[in-house]
Number of protein chains: 2
Amino acid sequence: MPEKRAEILDVAIALADERGLAAVSMRAVAERVGVTPMALYPYIGNKAALLDGMLGRLLGRLLLPAGEEAAGEPRPAASGEGPWPDRLTAIARSGRAMVIAHPWAAGLVFARPAVTPDSVRAVDLLYTALLDAGVPAPEVPRLERMLSTVVIGFAASEAGGRFGSEEDPRSYRGLLPSGVLPGHARLTASLDRRVDWDAEFEADLADLQVLITAIARRGAGPVPGPAGPGRQRG
Amino acid sequence: MPEKRAEILDVAIALADERGLAAVSMRAVAERVGVTPMALYPYIGNKAALLDGMLGRLLGRLLLPAGEEAAGEPRPAASGEGPWPDRLTAIARSGRAMVIAHPWAAGLVFARPAVTPDSVRAVDLLYTALLDAGVPAPEVPRLERMLSTVVIGFAASEAGGRFGSEEDPRSYRGLLPSGVLPGHARLTASLDRRVDWDAEFEADLADLQVLITAIARRGAGPVPGPAGPGRQRG
DNA sequence: ACCTGAACACCGTTCAAGT
DNA sequence: ACCTGAACACCGTTCAAGT
């Protein structure tokens with residue numbers, strides 16, 4: 001990565017952190033770099049490539065082997081050491097921490113193929129953990145996509161507002177008396193509690209480990225389970 | 001919903017379907033409606049509210065009780081009849097079909113709280129299905145968020161390109177010889193297959209049903225499982 | 001009550017020109 | 001090799017004015 005390109009991307013990331021993705025314009029980035037908008041193009045290509053580059057740089061930091069110039073960033077994901085549940089948990093927490101630290105990145109992750117060298121390395125860590133858990137090889141890529149979708153989707157929902165804020169528990173109440181929300185009516189006690197998102201994320205991770213263990217178990221035995229397409233032992 | 005507002009939103013949706021979300025400008029929508037950009041503001045509010053309104057209108061169509069003026073739209077989600085796995089599957093398929101029919105909607109779902117009347121009704125269908133499956137009440141809202149995150153995230157990944165296209169299986173090969181991708185090296189046979197996304201979605205749904213059943217089982221028994229935070233029977 | 005027209009402060013990107 | 005300046009075709013939104 002040419003040094004100038006890295007500088008431009010870091011300026012753009014800082015701008016997005018401070019004022020949101022909408023504030024990241026070629027003109028605004030150029031001004032912070034101290035240059036004319038047109039001077040960015042040889043290094044960046046265009047606006048879409050600028051956004052790709054910003055995301056790629058975050059992913060690169062995420063995978064640094066602990067304490068390499070990533071000051072102020074969330075701890076990088078552990079590499080291939082330790083029991084598989086610990087490795088899965090570490091990667092998942094790093095991903096969520098990245099999105100919380102840079103909420104604007106959430107929307108970008110879903111929009112670009114995960115095929116940059118850095119994101120492929122992240123995927124590889126998950127592959128290895130799933131294989132070590134005993135998941136049959138033909139099911140590993142699918143399960144990796146499901147896991148990363150949950151982690152990214154959870155963080156994106158938190159950061160983007162889909163999970164809502166403090167005032168929304170009341171928003172469904174107007175629809176209750178008319179009886180159009182029978183499910184909510186059966187849950188009122190549970191719905192009025194404030195949600196601890198850290199705890200919910202950890203509970204989701206625990207449940208996914210339950211699922212992974214179940215899949216590994218049905219893959220190991222000679223008797224196929226009732227669900228899932230044809231598969232074979234890796 | 002005032003008739004003019006509905007007309008404006010439908011024009012904006014058609015524009016997004018035809019030319020992408022980036023083509024949806026106040027000016028372009030106004031031109032199609034046959035009016036000056038400023039004439040939209042009393043009905044719409046501003047650009048952000050226009051996007052919210054577009055998404056809300058899609059959600060409304062999704063929940064129509066089968067065959068009410070939703071010509072050319074994906075089949076609406078089944079209401080509260082039938083076994084819970086069928087209901088869950090129907091809602092999940094409807095959500096994915098909506099995103100495939102209107103790919104631009106994927107990015108919006110994560111960015112807005114799911115508290116409009118229509119999205120609350122969709123959530124209620126999932127609550128009811130999970131309760132009928134035997135999931136303890138305190139775990140139902142969390143599980144609903146996990147399920148909808150998987151469905152929306154899967155569809156968003158498909159529509160947005162995160163899952164990649166035909167050519168990307170080759171993209172990791174350059175990194176294999178150097179040994180930085182041990183997980184991929186153990187999976188080459190599985191990674192070279194073309195992916196059937198319909199089948200993968202169905203397999204994910206089947207696995208989520210396995211997980212739901214496991215949670216219902218541990219909630220019913222007096223012996224708590226090793227994973228998950230404190231919980232109580234509904 | 002509903003809409004228009006001009007204006008303001010922005011965009012991304014091109015092109016030809018400078019050093 | 002690297003950067004600038006002017007220009008083009010756009011944005012969302014304001015405000016005062018028209019009917």
Side-chain angles (χ1 to χ4, degrees), chain A residues 1-58 102-108 110-112 160-161, chain B residues 1-58 102-108 110-112 160-161:
Chain A
M1 173 124 56
E3 190 162 335
K4 195 92 182 193
R5 175 176 157 82
E7 184 203 340
I8 293 169
L9 293 178
D10 285 341
V11 164
I13 288 170
L15 199 55
D17 288 346
E18 289 169 32
R19 318 225 313 264
L21 199 59
V24 178
S25 66
M26 299 296 280
R27 291 165 131 101
V29 172
E31 193 184 22
R32 277 220 188 183
V33 175
V35 94
T36 260
M38 286 303 93
L40 303 179
Y41 279 77
Y43 302 101
I44 294 298
N46 57 26
K47 177 78 183 287
L50 171 67
L51 298 178
D52 281 352
M54 291 165 67
L55 183 62
R57 203 153 161 74
L58 284 195
H102 311 282
W104 49 268
L108 297 181
F110 281 113
R112 304 302 308 161
Chain B
M1 172 123 58
E3 189 162 336
K4 195 95 183 191
R5 175 177 157 81
E7 184 204 339
I8 293 169
L9 293 179
D10 285 340
V11 164
I13 288 171
L15 200 55
D17 288 345
E18 289 169 32
R19 316 225 315 262
L21 199 59
V24 178
S25 67
M26 299 296 279
R27 291 166 132 102
V29 171
E31 193 184 23
R32 277 219 188 183
V33 175
V35 95
T36 261
M38 286 302 93
L40 303 179
Y41 279 77
Y43 302 99
I44 294 297
N46 57 26
K47 176 78 182 289
L50 171 66
L51 298 178
D52 281 352
M54 291 165 68
L55 183 62
R57 203 154 161 74
L58 284 195
H102 311 281
W104 48 268
L108 297 180
F110 281 113
R112 304 302 308 161

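Numbers restart at 1 for each chain; the letters A, B, ... are given by sequence-line order, proteins then strands.
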Colleague: Among residues at least two apart in sequence or on other chains, which ones pass side chain to side chain contact (heavy atoms under 4.5 Å, CB included) with B:Glu7?
Modeller: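 Listed in chain order: B:Lys4, B:Val33.
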Colleague: Is there a side-chain polar atom (N or O) of A:Lys4 under 4.0 Å from OP1 or OP2 of D:dA1?
Modeller: no
Colleague: Scan nucleotides 8-19 of chain C nucleotide by nucleotide, 5' to 3', and note B when protein non-hydrogen atoms come under 4.0 Å of the base, S if they reach only the sugar-phosphate, - if neither.
Modeller: ---BBBBB----
Colleague: Less than 4.5 Å apart, side chain to side chain, heavy atoms only: is that true for A:Leu58 and A:Trp104?
Modeller: yes
Colleague: Keeping to residues at least two apart or across chains, list the salt bridge (Lys or Arg N to Asp or Glu O under 4.0 Å) pairs with something in residues 38-48 of chain B.
Modeller: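 Residue pairs with at least one partner in residues 38-48 of chain B: there are none.
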Colleague: Holding to side chain to side chain contact (heavy atoms under 4.5 Å, CB included), I want the full list of residues that pass it with B:Pro37, two or more places apart in sequence or in another chain.
Modeller: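 In terms of side chain to side chain contact (heavy atoms under 4.5 Å, CB included), with neighbours along the sequence ignored, B:Pro37 is linked to B:Arg27, B:Ala30.
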Colleague: To check you understand the geometry: which heavy-atom pair defines the closest contact between B:Tyr43 and B:Arg5, and what is its length?
Modeller: O-NH1, 3.3 Å
Colleague: According to side-chain hydrogen bond (donor to acceptor under 3.5 Å, both in side chains), who are the partners of A:Asn46, at least two apart in sequence or on a separate chain?
Modeller: none
Colleague: The criterion is side chain to side chain contact (heavy atoms under 4.5 Å, CB included); which residues satisfy it with B:Leu15, sequence neighbours excluded?
Modeller: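 Only B:Arg19, B:Val24, B:Ala28, B:Val29, B:Arg32 meet the side chain to side chain contact (heavy atoms under 4.5 Å, CB included) criterion with B:Leu15.
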Colleague: Which stems does DNA chain D form, counting runs of 3 or more consecutive Watson-Crick or G-U wobble pairs with both distances under 3.5 Å?
Modeller: C:4-8 with D:12-16, C:12-16 with D:4-8
Colleague: For A:Ile44 and D:dC3, give me the distance from atom CD1 to atom P, rounded to whole Å.
Modeller: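 So the two atoms are 12 Å apart, to the nearest Å.
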Colleague: Indicate the atoms forming the closest heavy-atom contact of A:Met54 with A:Ala12, along with that distance.
Modeller: CE-O, 3.5 Å
Colleague: Distance check: side-chain N/O of A:Tyr43 vs OP1/OP2 of D:dA1, anything under 4.0 Å?
Modeller: no
